[in-house]
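Before any comments, here is the structure.
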Amino acid sequence: MTVRVRFAPSPTGYLHIGGARTALYNYLYAKAVGGTFVLRVEDTDLERSKAEYEKLQIEDLKWFGITYDEGPDKPNPKYAPYRQSERWDIYMKYAKELVEKDLAYYDFCTDEELEAMKEKAASENRDPHYEGKWKNPEFKAEALKKIAAGEKAAIRFRAPKRDFTLNDKVKGKVVYPANMVGDFVIIRSNGLAVYNYCCVIDDWLMDITHVIRGEDHLSNTVRQLMIYEALGAKLPEFAHVSLLIGADRQKLSKRHGATSVNLYREENYLPEAMCNYLVQLGWSHPEEKDIFDKEEIQKIFTLDRFSPSPAMYDLEKLKWVNSQHIKKMASSEIIKLVEALPEAGYFKSQGPEWKSAATELFKQKVNFLSEIPKQINEMVLSEELEMNDQLKDILSWETTPKVIDYIDSQIQTITTPFITEAQMNGWMEHVKKELGVKGKPLFMGVRAALTGKDHGPDLKFLIPLTPVSVLKKRVAQLKK
RNA sequence: GCUCCCAUCGUCUAGCCCGGUCUAGGACAUCGCCUUUUCACGGCGGUAACAGGGGUUCGAAUCCCCUUGGGAGUACCA
């Protein structure tokens, strides 16, 4: 039997970081065992579900490189349709069968009655477990007659009064005591099915073998276990992955800042880095590696390396992971990506040699791709000197004026658009040997003269990338 | 309230299932030093954790119980 897993998002917003992580785990597992990854859209909440969100979420998934084998736009006739909103009749059909078998019953209870029941239960300090009076066969006949006459009613599942046990891949053995839940609604009085029920019907009918999802579903799983049993369906394996939490240890949500995947896309995070980080949040590499890519993980991914405790979503480490992936990446790849950036005007206008030299230099120093053109604009292009305390300090050294004078005299003789690394080294040699300036005054003096800054990348690489016209202007400003 | 889940450095985690090799390992962050200056990179090193209490055992981070703390669920939401 081949493995079939699914990711089942609700299209009620952008793809969430947590959702992406769950999708990733499913995807990785499918890849690891040669299974099928299904995308199912859980849009039973008509109020909040929007078709455009479905599209957006799929785009986000694509950005991650998460592709699915089956889904709304890639249907397998055996299992289609893949949107729950297109499966109402299926849910109803099985619900009626459950009623036939007395495993469920019609409930004509009104909202007011329900409310009263809940209040009463609360006042008696117990759970408002619903137990309808329609258990009685007479009531059943009566109910069926009313339904036939067109009366609206919900269908409630009759919860067996006994323990249920789940052997979860992450949590281990979980025992749900009897009476944990009362009879619960599976079909609303408007005829539409409810999550805990559709989910089971779909997983069953779609032959899902492994349900990998967030821990927030763990408590609800008892309801699903009951339905599987009533249906006579084979239970899939369950893996309830711990939740992502924010800095306040609460479940990660919008108020924790950037929790939508599209935000990271816009910020030009590397999808590979994002995957790397997300996978690592709750799952550990068997060799304790921190940096890895999807191709590597999908070969070795297993369900037994999940951490059972929640993981805090921490931008600092993500930043570092991103920087590591930038360093790993071929410069040719980076060039393509950088050129697509809005700040990359100057970068784009340069020749291939300049681009690759600049990329080699700056990719070592940034956490984000967008910092490459930003740094270039600042370090290479800016003509304006910013007179800060550090710079003033350097200028006050007694060796600095003669360094500047020398650099000025040299730069005047240059007629090429750029100087070479050899020329740069020659200047350094001269200042060191002939002017007798070495160590900190040497490097800081030359740096100040040519960049007007007290920090930046190695001079011998930086200066050959800087237009001579810019260098001249900087030196001229310092001469004044 | 009730039910379930969770508990190793500030953070992500290894180790836990199959007790001794753990004076608890790695990574991020942080601090210090080194590298022809600075930021960064790299290298080296430091600070830093088994929530508390009981058991079981010759021996417990590892097994059991309790407490505490955190999380989730408790809907005709998903």
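Quick note on labels: first sequence line is chain A, next is B, and so on, each numbered from 1.
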request  = Report the nucleotide, chosen from B:C12, B:C77, B:U13, that has the shortest atom-to-atom distance to any side-chain atom of A:S307.
outcome  = B:U13
query = What is the minimum heavy-atom distance between A:E237 and A:K169, and which atoms define it?
reply = OE1-CE, 3.4 Å
From B:A78, B:U37, B:C76, nucleotide with atom closest to A:T44 side chain = B:A78
message = By nearest atom, which of the nucleotides B:C12, B:A14, B:C5 is closest to the A:S284 side chain?
response = B:A14
remark   = Among B:C76, B:U37, B:U3, the one nearest any side-chain atom of A:P177 is B:U3
task = May I ask you to decide whether A:E371 forms a salt bridge with A:K374, counting only side-chain N to carboxylate O separations under 4.0 Å?
result = no
Atom CD of A:E47: over 12 foreign heavy atoms under 6.0 Å = no
key: Side-chain donor/acceptor contact of A:S242 with base of B:C6 under 3.5 Å   = no
Donor-acceptor contact present, side-chain A:N276 to main-chain A:F292, <3.5 Å = yes
query = Where the side chain of A:R249 is defined as all heavy atoms beyond and including C-beta, which of B:C4, B:U11, B:C28 is the nearest nucleotide?
reply = B:U11
Nearest-neighbour nucleotide for the A:E288 side chain, B:U74, B:A78, B:G26 considered = B:G26
query = For B:A7, which nucleotide in any strand shown is its Watson-Crick or wobble partner with both distances under 3.5 Å?
reply = B:U68
key: Under-4.0 Å side-chain N/O to phosphate OP1/OP2 contact, A:R305 with B:G15   = yes
ask   = Which value, in whole Å, describes the distance between the C1' atoms of nucleotides B:U23 and B:A27?
value = 22 Å
query = Looking only at atom P, what distance separates B:U47 and B:G55, rounded to whole Å?
reply = 33 Å
query = Which base sits across from B:G73 as a Watson-Crick or G-U pair, both distances under 3.5 Å?
reply = B:C2
Charged tip of A:K146 within 45° of A:Y106 ring normal and under 6.0 Å = no
Selection from B:G42, B:C5, B:C12 that lies nearest to any side-chain heavy atom of A:L281 = B:C12
Phosphate OP1/OP2 of B:C76 contacted by A:R156 side-chain N/O (<4.0 Å) = yes
request  = Kindly point out which of B:C41, B:C12, B:U37 is positioned nearest to the side chain of A:K327?
outcome  = B:C41
request  = Using a strict cut-off of less than 4.0 Å between a Lys/Arg side-chain nitrogen and an Asp/Glu carboxylate oxygen, indicate whether A:K328 and A:D293 qualify as a salt bridge.
outcome  = yes
ask   = If the C1' atom of B:G15 is compared with that of B:U21, how far apart are they to the nearest Å?
value = 12 Å
task = Name the closest nucleotide to the A:D216 side chain, picking from B:C5, B:G73, B:A29.
result = B:G73
query = At under 4.0 Å, does any side-chain N or O of A:R188 touch on OP1 or OP2 of B:C77?
reply = yes
inquiry  = Is A:W320 stacked against the base of B:C28, taking the criterion as centroid distance under 5.5 angstrom and interplanar angle under 30°?
reply    = no
note = A:Q250 has its side chain closest, among B:C5, B:G70, B:A27, to B:G70
task = Take atom C1' in B:G20 and the same atom in B:G73, then report the distance between them in whole Å.
result = 41 Å
